[in-house]
Amino acid sequence: MRFDHSVTIQAPAERVWAVYSDVERWPEWTPTITSVERLDEGRIHLGARARIRQPKLPVAVWEVTELVEGQYFEWVSTAPGIRTTGGHRVVSTPEGTVATATVIQEGPLGWLFGTLYAGLTRRYIATETEKLKEFTER
């Protein structure tokens, strides 16, 4: 199962990336995240880990598996039978900065979880990108 949502933001890509990649501060601008506890220190980096609490979802530990500084990071959370990948992309275009959130659910239970939580997942990633837009355009 794959879910994507993009918005065009009227703010420099550097600002959007600074906010999007500062995962500890996500609860300040999006209601879909209750808390983020970094399990290491410093800027986001390969192998960085965070424990995230979200309304209506189990607590999950996420680990950064891909990173292109200033453009993209991907992290993965696993539970028995499911692997969830979250992607966060920032691209500068002539129309503005495009921010995209992606959620991919795989594994023996990935389809079931994805189906059961499809509406919630779509709402969450849409809310996150829209709130990112509001926050960075201030």
Side-chain angles (χ1 to χ4, degrees):
M1 300 283 303
R2 181 185 178 104
F3 307 91
D4 296 282
H5 194 269
S6 297
V7 294
T8 300
I9 301 171
Q10 300 307 311
E14 296 79 17
R15 169 151 173 72
V16 177
W17 175 256
V19 172
Y20 216 9
S21 64
D22 188 359
V23 298
E24 281 182 296
R25 296 187 66 192
W26 284 6
E28 295 175 19
W29 54 265
T30 183
T32 63
I33 305 288
T34 306
S35 69
V36 176
E37 175 191 356
R38 282 287 303 272
L39 302 176
D40 49 41
E41 295 181 15
R43 296 174 54 98
I44 197 163
H45 58 274
L46 282 176
R49 296 173 63 232
R51 180 176 294 111
I52 296 184
R53 288 178 172 76
Q54 295 183 267
K56 302 179 184 177
L57 290 173
V59 174
V61 173
W62 293 83
E63 182 173 346
V64 176
T65 56
E66 289 187 40
L67 173 68
V68 178
E69 184 63 39
Q71 299 175 27
Y72 179 75
F73 80 92
E74 180 174 288
W75 56 6
V76 172
S77 178
T78 58
I82 186 167
R83 173 185 168 100
T84 304
T85 303
H88 309 83
R89 184 174 304 278
V90 174
V91 177
S92 183
T93 72
E95 293 77 31
T97 300
V98 177
T100 303
T102 303
V103 172
I104 301 168
Q105 292 164 327
E106 301 170 295
L109 298 179
W111 179 87
L112 177 62
F113 190 86
T115 300
L116 292 173
Y117 286 90
L120 182 68
T121 301
R122 284 188 189 98
R123 282 191 308 277
Y124 275 16
I125 65 172
T127 298
E128 288 164 11
T129 52
E130 294 297 334
K131 292 298 183 179
L132 176 66
K133 175 181 173 70
E134 285 178 25
F135 188 81
T136 54
E137 285 184 346
R138 288 187 199 165

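All figures in this text were calculated on a predicted structure; none of them were measured in a lab.
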When rounded to the nearest 0.5 angstrom, what is the spacing between [atom1] in [X] and [atom2] in [Y]?
X	Y	atom1	atom2	answer
T34	W26	OG1	CH2	13.5 Å
I125	T30	CD1	OG1	11.5 Å
E14	T136	CD	OG1	12.0 Å
T78	R83	OG1	CZ	8.0 Å
F73	T65	CZ	OG1	10.0 Å
S21	Q71	OG	CD	12.0 Å

- Task: With sequence neighbours excluded, tell me which residues meet side chain to side chain donor-acceptor pair (under 3.5 Å) with D22.
- Result: none
- Intermediate values then yes/no, side chain to side chain contact (heavy atoms under 4.5 Å, CB included), T97 and V91: CA-CA 6 Å; T97 300; V91 177; over 6 Å; no
Would you say that [X] contacts [Y] through its side chain, given a criterion of any heavy-atom pair below 4.5 Å between the two side chains?
X	Y	value
D4	R2	yes
V61	S77	no
W75	V23	yes
L120	L57	yes

Using the rule that Ile, Leu, Val, Met, Phe, Trp and Tyr join whenever any side-chain heavy atoms are under 4.5 Å apart, tell me whether [X] and [Y] fall into a single cluster.
X	Y	value
V36	V103	no
L132	W62	yes
I44	V16	yes
Y117	W111	yes

Would you mind listing every salt bridge (Lys or Arg N to Asp or Glu O under 4.0 Å) that reaches into [range], with sequence neighbours excluded?
range	value
residues 118-130	none
residues 24-34	R25-E28
residues 52-79	R43-E69

- Of all pairs that satisfy ring pair (Phe, Tyr, Trp, His ring centres under 6.0 Å), the ones with a partner from residues 38-60, not counting sequence neighbours: none
Exercise: identify the closest heavy-atom pair between [X] and [Y]:
X	Y	result
I33	P55	N-CD, 4.5 Å
F3	T121	CD1-CG2, 3.5 Å
R38	A48	NH2-CB, 3.9 Å

- Query: Does CZ belonging to R49 count more than 12 external heavy atoms closer than 6.0 Å?
  - Reply: no
- Item | Heavy-atom neighbours of R15 CZ exceed 12 at 6.0 Å | yes
- Between the main-chain N or O of V76 and the side-chain N or O of T85, is there a donor-acceptor pair closer than 3.5 Å? no
- Message: Keeping R51 on the side-chain end and V59 on the backbone end, is there a donor-acceptor pair under 3.5 Å?
- Response: no
For residues 5-12, please give each side-chain donor-acceptor pair under 3.5 Å, one per line with the distance, not counting sequence neighbours.
| from | atom 1 | to | atom 2 | distance (Å) |
| --- | --- | --- | --- | --- |
| H5 | ND1 | T129 | OG1 | 2.7 |
| S6 | OG | T100 | OG1 | 2.6 |
| Q10 | NE2 | E95 | O | 2.8 |

- Message: Using the ring pair (Phe, Tyr, Trp, His ring centres under 6.0 Å) definition, which of the options Y72, W17, Y20 pairs with H88?
- Response: Y20
- Message: Determine whether L116 and F113 satisfy the following criterion, side chain to side chain contact (heavy atoms under 4.5 Å, CB included), listing intermediate values before the conclusion.
- Response: CA-CA 5 Å; L116 292 173; F113 190 86; 5.9 Å; no
- Task: Quick one: do W29 and V19 satisfy side chain to side chain contact (heavy atoms under 4.5 Å, CB included)? Show the steps, please.
- Result: CA-CA 9 Å; W29 54 265; V19 172; 3.5 Å; yes
- Starting from the C-alpha separation in whole Å, work towards a yes-or-no answer on side chain to side chain contact (heavy atoms under 4.5 Å, CB included) for I82 and L112. CA-CA 9 Å; I82 186 167; L112 177 62; over 6 Å; no
